[in-house]
Each structure stands twice: as C-alpha cells, then as structure tokens.
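This report concerns only the one structure given below.
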Amino acid sequence: SSAYGNGIWGSVRGARQAERKRFIVFKGLKPILYGGREVWPLVEGGKGVSATNHMSSGAWAAAGGIGTVSAVNADSYDADGKIIPQIYRALTRKERHEELIQYAIDGAVEQVKRAYDIASGKGAININVLWEMGGAQQVLEGVLERTKGLVTGVTCGAGMPYKLSEIAARHNVNYLPIISSARAFR
C-alpha cells in the first residue's frame, strides 16, 4: 500500500485515535504546567509508612500524573535489591532517634530515585511527610537536599506544618498542602 493509503499515515491516524481513547475518561480535564512540565492534574495520595512507594508513584508519573512517594520510614535496598532491615544499634534514645532519621532520609531518597527512573521523564514526583513525625523537618530537608531536580513538590497532611512552605521555597519545589480542617484552611 502507498504512504497515503493504509500504510504509514494510517498507522499515525490509528495511534492518534488510540491516544484519544486512552484519555477519554479525562473528558474536559486538561494538563497543567507543574514544575516546568505538562502533567495531568491528578495527584497520587501520599500514604505514610511506605504505602505509596517507588513502584506506585513511578507508575503514576509515567502515566502523566503526579506520583507521591511516602517519606515516612521508606525502604532502602542493598546491591541485590533486597530491603535493608532498619536495625537500631545505638544505646541511647537520642542516638536511636538519629538512626531513625537517617533511615528515613536514606529510604526516601532511594524511593524517589527509583520512582524517577520508572517515570522516565514523564509526569512528576512528589514526596509526602507526616509533620507530626519526630524529626520531620530534618527528614524533609535531608531528602530535598539529596534529590535536587527529582522531586517536584511536597505534600503534608498530618499536623500544622507552618514551616513547610518556607522549606519548599528554599529547595525550589512546590508545596501542596492537604487541608483537613477549617483551622488548617485559615
């Protein structure tokens, strides 16, 4: 067949129709500019304690949305891809708390990097923190410092994170607050 018949142009036309059908559920929904890229305004809800990890957030971003990695006790991996157990070796409570913070930072950084790889440059990756978690500010600062250019925004729904917008601005990422009460909205 000729290039003008069912050949190459038919394939292009078919691909366009398939793309339109793929996003038919988003009728009326238009992409937005977020973090310098066009994404669907659909944000994966960040759930703590590794419920949203690199696999879910990377896939969400790869589909053109905004994936959200939990930065709360996120898993780290060894060279073989096995989860590194979080074992606390320090003797004092303060030292164990510092170990917890380091585990949280290392795990969240690993999750962000893996999610970013899965997304292959599509969509965006956010992180979610629980402000009421001990050491939340240290964890957030540590993760953002080590993931420059990979994290587009931060969400937080637990507590009243008054400093979060300042931290996000300092690290040049967006802050998407989760408003869970009238007090938080004010």
Side-chain angles (χ1 to χ4, degrees), residues 34-35 39-63 65-77 83-90 92-119 123-186:
Y34 178 69
V39 300
W40 290 103
L42 302 170
V43 182
E44 175 187 27
K47 300 292 182 198
V49 201
S50 300
T52 53
N53 61 17
H54 70 277
M55 290 181 285
S56 64
S57 57
W60 196 273
I66 302 170
T68 306
V69 169
S70 170
V72 181
N73 281 12
D75 292 327
S76 295
Y77 304 90
I83 293 174
I84 298 171
Q86 294 182 5
I87 300 170
Y88 300 92
R89 292 178 169 78
T92 69
R93 187 176 202 159
K94 182 177 174 135
E95 290 169 332
R96 286 192 302 276
H97 181 72
E98 292 303 318
E99 286 178 309
L100 172 95
I101 290 169
Q102 195 57 53
Y103 277 131
I105 293 169
D106 292 344
V109 167
E110 181 70 21
Q111 293 294 321
V112 166
K113 288 178 177 178
R114 287 173 176 244
Y116 192 83
D117 288 345
I118 291 169
I125 303 294
N126 282 357
I127 59 173
N128 182 61
V129 294
L130 300 174
W131 198 253
E132 292 300 314
M133 171 182 76
Q137 185 170 344
Q138 286 175 273
V139 170
L140 182 59
E141 296 268 10
V143 173
L144 292 174
E145 188 63 39
R146 290 175 46 193
T147 59
K148 288 181 180 166
L150 305 179
V151 171
T152 308
V154 178
T155 60
C156 181
M160 299 298 283
Y162 297 109
K163 295 180 183 180
L164 202 52
S165 60
E166 295 170 21
I167 295 167
R170 194 167 49 252
H171 289 277
N172 200 29
V173 297
N174 295 291
Y175 170 40
L176 286 73
I178 298 169
I179 308 300
S180 54
S181 70
R183 180 175 171 223
F185 186 72
R186 283 187 232 127

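The structure presented is a predicted model; accordingly, all values stated were derived computationally and were not measured.
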Q. So with a 6.0 Å cut-off around CG of Asn172, is the heavy-atom count from everything else above 12?
A.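 No - once you tally the heavy atoms of other residues, nucleotides and ligands closer than 6.0 Å, there are 12 at most.
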Smallest separation among heavy atoms of [X] and [Y], with atom names:
X	Y	value
Gly135	Ile101	CA-CD1, 4.0 Å
Val139	Ala104	CG2-CB, 3.8 Å
Ala119	Ala61	CB-CB, 3.6 Å
Ala168	Tyr175	CB-CB, 3.9 Å
Glu95	Ala90	CB-CB, 3.2 Å

Going by distance alone, is a donor N or O of one side chain under 3.5 Å from an acceptor N or O of the other, for [X] and [Y]?
X	Y	result
Tyr77	Gln111	yes
His171	Glu141	yes
Thr68	Asn126	no

Q) So Val69 and Val151, side chain to side chain contact (heavy atoms under 4.5 Å, CB included) or not? Walk me through it. A) CA-CA 10 Å; Val69 169; Val151 171; over 6 Å; no
First locate atom [atom1] of [X], then atom [atom2] of [Y], and finally report the distance between them rounded to the nearest 0.5 Å.
X	Y	atom1	atom2	result
Ser57	Ile118	OG	CD1	7.0 Å
His54	Lys113	NE2	NZ	14.0 Å
Lys163	Cys156	NZ	SG	13.0 Å
Leu164	Leu176	CG	CG	10.0 Å
Tyr88	Arg96	OH	CZ	10.5 Å

Between [X] and [Y], is there a donor-acceptor pair closer than 3.5 Å when you use the side chain of the first and the backbone of the second?
X	Y	result
Asn53	Ser56	yes
Gln86	Tyr103	no
Trp60	Ile66	yes

Q: Determine, stepwise, if the pair Asp106 / Arg146 fulfils side chain to side chain contact (heavy atoms under 4.5 Å, CB included).
A: CA-CA 9 Å; Asp106 292 344; Arg146 290 175 46 193; 2.8 Å; yes
(Q) Could you tell me if the side chain of Ile125 sits less than 4.5 Å from the side chain of Leu150, heavy atoms only? (A) no
Q) Which is it for Val154 and Leu144 under the side chain to side chain contact (heavy atoms under 4.5 Å, CB included) test, yes or no, and what are the steps along the way? A) CA-CA 9 Å; Val154 178; Leu144 292 174; 4.2 Å; yes
